[in-house]
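Everything below concerns the one structure shown next.
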Amino acid sequence: MEVIVQKTYDEMSKGGAQLIAQTLNAKPNAVLGMATGSTPLGVYKELVRMHKNEGLDFSQVTTFNLDEYVGLPVTHDQSYHYFMHENFFKHVNISHQNIYIPSGTTGNYKAFCDWYEKRIEECGGIDVQILGIGTDGHIAFNEPTSSLSSRTRLKTLAKMTIDDNARFFEKREDVPIYAITMGVGTILEARKLILLANGKGKAQAVKEMVEGPVTSMITASALQLHPSAKVFIDHDAASLLEMKDYYEWIQQKKPGAPQV
Ligand code: GLP
């Protein structure tokens, strides 16, 4: 896992967006894994800027979103469908038939989840997966004790997640209790992972993900098993890391390293 500590949220977002742009420049028909939440908003803003000012092209890109609440129609302003369209898709030249987001209103969740997994495979797998992290250390909606080899499925949200996400809803009771989410195993199959985290509220989860044991109690710790996972964090999110100086030292010395 490569830990990249940035001074500000903006720098962190630019770092994440640059990696995605590099992938698209090398492979214009790349498959991107998308995340929701407040954390990746800066990455989306920067990608939209690159599209408008630098011609970053999404016309051949396919996307798969990590998760969706169960029971919210796609028009609900807290559904992840709505979030993605408002904050990203409607601002770039992506072809709408190439956008995949789990359905929170299907009549058959099992069949939908199996189909979603199959579509990812048929599209050649995910090249870069963007991730945030929950305060309980989850990735997507893989709550504590989710199997590290889990696949796309229906999950019951943890109370902590419901509390965290209540700020987006009028009342706590409005937060859905169930979600459909890619599994940890699904996420680990992406060729590259980019996880973003900012703010003091994420510091403990980040510490456990990077320096704690690999455990289903902190599903983000499974990133330790991935050969190409980059973690972009700001100073607040990095504040509890024991080896923070070492991660900064690596980034400083990287430009002088022998070419491999
Ligand atoms: C939700 C999403 C996660 C996201 C997390 C953190 O639980 N399912 O994918 O990482 O929220 O959200 P935020 O970035 O708003 O802190």
Side-chain angles (χ1 to χ4, degrees), residues 6 9-10 12-13 16-17 32-46 63-72 76-84 86-88 100-104 113 116 126 128-146 150 152-169 172 174-184 186-188 190 193-210 217-223 229-234 236-238:
Q6 304 276 23
Y9 173 78
D10 276 0
M12 178 191 95
S13 303
L32 302 181
M34 312 303 274
T36 53
S38 45
T39 311
L41 281 173
V43 170
Y44 296 147
K45 211 169 134 205
E46 178 62 8
T63 62
F64 285 90
N65 261 79
L66 285 170
D67 47 12
E68 178 58 290
Y69 288 118
V70 163
L72 296 189
H76 191 290
D77 65 2
Q78 290 310 322
S79 78
Y80 288 169
H81 279 77
Y82 186 90
F83 175 102
M84 287 309 301
E86 285 305 303
N87 292 302
F88 187 60
Y100 296 91
I101 304 177
S103 166
C113 293
Y116 202 72
I126 293 171
V128 186
Q129 175 67 59
I130 305 168
L131 296 162
I133 183 168
T135 47
D136 65 1
H138 71 213
I139 43 174
F141 272 132
N142 291 287
E143 298 288 29
T145 72
S146 289
S150 50
T152 303
R153 70 211 183 289
L154 193 82
K155 269 307 280 182
T156 307
L157 301 184
K159 285 185 186 161
M160 186 188 256
T161 301
I162 295 175
D163 289 343
D164 284 350
N165 293 349
R167 68 189 193 276
F168 299 116
F169 292 80
R172 190 183 184 278
D174 293 343
V175 185
I177 292 169
Y178 306 100
I180 183 165
T181 180
M182 273 188 208
V184 182
T186 321
I187 293 168
L188 288 179
L193 303 179
I194 300 177
L195 185 141
L196 305 142
N198 65 294
K200 281 230 163 1
K202 297 290 171 68
Q204 184 63 31
V206 165
K207 185 190 164 32
E208 294 184 61
M209 161 180 72
V210 177
M217 288 301 285
I218 303 286
T219 52
S221 67
L223 266 66
K230 287 190 201 290
V231 173
F232 288 88
I233 46 179
D234 71 352
D236 282 343

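Whatever order the structure lists them in is the order used to number ligands and atoms, beginning at 1. Since the model is a prediction, treat every value here as computed from it, not as a measurement.
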In this structure, CG of N65 is separated from CD1 of I130 (nearest 0.5 Å) by 9.0 Å

| message | Contact between L195 and M209 at the side-chain level, heavy atoms closer than 4.5 Å - yes or no? | response | yes

Is L196 near ligand 1, meaning one of its heavy atoms is under 4.0 Å from it? no

- Item | I133 N/O to ligand 1 N/O under 3.5 Å | yes

Ring centres of F168 and Y69 under 6.0 Å apart? no

query = Is there any N or O on T161 that sits under 3.5 Å from an N or O of ligand 1?
reply = no

Ligand 1 atoms nearer than 4.0 angstrom to some heavy atom of F141 are 1 (C), 7 (O), 8 (N)

Say whether R167 and ligand 1 are in contact under the criterion: heavy-atom distance to a ligand atom below 4.0 Å. yes

- Flag side-chain contact, heavy atom, 4.5 Å: E143 against T219: no

Candidates A158, A140, G132; heavy atom nearest atom 3 (C) of ligand 1 found on A140

re atom 4 (C) of ligand 1, the protein heavy-atom contact at minimum distance is T36 O, 4.1 Å

When rounded to the nearest 0.5 Å, the distance separating CD1 of I139 from CD1 of I187 is 4.0 Å

Note: A222 and V184 closest approach over all heavy atoms is CB-CG1, 3.6 Å

Among G199, A197, S38, the residue with a heavy atom nearest to atom 13 (P) of ligand 1 is S38

(Q) Could you tell me if the side chain of D236 sits less than 4.5 Å from the side chain of N198, heavy atoms only? (A) no

shortest atom 12 (O) of ligand 1-to-protein heavy-atom contact is with G37 CA, 4.0 Å

Check your understanding: Between S146 and R153, do the side chains contain an N or O donor and an N or O acceptor separated by less than 3.5 Å?
Key -> yes

Is any N or O atom of H138, backbone or side chain, closer than 3.5 Å to an N or O atom of ligand 1?
-> yes

of all protein heavy atoms, closest to atom 16 (O) of ligand 1 is K202 NZ, 2.6 Å

closest protein heavy atom to atom 14 (O) of ligand 1 is T39 OG1, 2.4 Å

Do D234 and Q6 have side chains that get closer than 4.5 Å, going by heavy atoms? no

Under 4.0 Å between heavy atoms, the region of Y80 that gets near ligand 1 turns out to be side chain

A student checking ligand 1 against D67 at a 4.0 Å heavy-atom cut-off should list atoms 2 (C), 8 (N), 9 (O)

